[in-house]
Amino acid sequence: MASYGYSATTEHVAEHQAFVEKVGEFARKYDEGNVALSIEVIDFLRAWLTAHILRSDKIMVKELLAKGAA
């Protein structure tokens, strides 16, 4: 992203960092014995797929392709 000058690199990286932190939170809760996380995890992943992959990533790909990324 940065090497092609993607205009939203900082925001995009922050979205991924937030994803990693949330997954870490789920892992900690599970390790603490909270095994009833399945609906919360599914809802989170559904939202991530919808909001990030189907929107943010598509916007990024379009811009990077326009800038010559393969």
Side-chain angles (χ1 to χ4, degrees):
M1 291 182 291
S3 64
Y4 281 94
Y6 178 50
S7 62
T9 296
T10 301
E11 295 86 354
H12 201 92
V13 169
E15 290 177 11
H16 280 261
Q17 184 60 39
F19 176 84
V20 169
E21 289 172 9
K22 187 65 175 179
V23 170
E25 179 184 321
F26 288 139
R28 282 188 297 282
K29 286 180 179 180
Y30 181 81
D31 288 344
E32 291 168 358
N34 187 346
V35 294
L37 288 170
S38 59
I39 292 175
E40 185 180 356
V41 171
I42 289 169
D43 287 344
F44 172 74
L45 292 175
R46 182 182 302 124
W48 174 261
L49 290 168
T50 302
H52 183 81
I53 294 173
L54 296 177
R55 290 188 195 128
S56 295
D57 283 349
K58 281 188 172 187
I59 292 168
M60 178 191 64
V61 167
K62 184 177 180 180
E63 182 177 329
L64 293 180
L65 289 174
K67 292 183 176 197

Here's a test for you: under side-chain contact (heavy atoms from CB on, under 4.5 Å), which of Val13, Ile59, Val61 qualifies with Tyr6? Ile59
Please report the interatomic distance CG(Leu64) to OG1(Thr9), rounded to the nearest 0.5 Å. 7.5 Å
Would you compute the distance between atom CZ of Arg55 and atom NZ of Lys58 and round it to the nearest 0.5 angstrom? 10.5 Å
Quick check: is Val41 connected to Ile53 through a chain of hydrophobic side chains (ILVMFWY, heavy atoms under 4.5 Å apart)? yes
Does Leu54, at its CG atom, have more than 12 non-hydrogen atoms belonging to other residues, nucleotides or ligands within less than 6.0 Å? yes
Aromatic rings His52 and Trp48: how do their planes relate, parallel, tilted or perpendicular, breaks at 30° and 60°? parallel
Quick one: side chains of residues 19-31, donor-acceptor pairs under 3.5 Å with protein atoms, not counting sequence neighbours, listed by atom name and distance.
unit_1 : atom_1 : unit_2 : atom_2 : d
Glu21  : OE2    : Gln17  : NE2    : 3.3
Lys22  : NZ     : Glu25  : OE2    : 3.3
Glu25  : OE2    : Lys29  : NZ     : 3.4
Arg28  : NH1    : Gly24  : O      : 3.3

Gly5 and Lys67 have their tightest heavy-atom pair at O-NZ, 2.6 Å
Which residues satisfy the side chain to side chain donor-acceptor pair (under 3.5 Å) test with Ser56, sequence neighbours excluded? Glu15
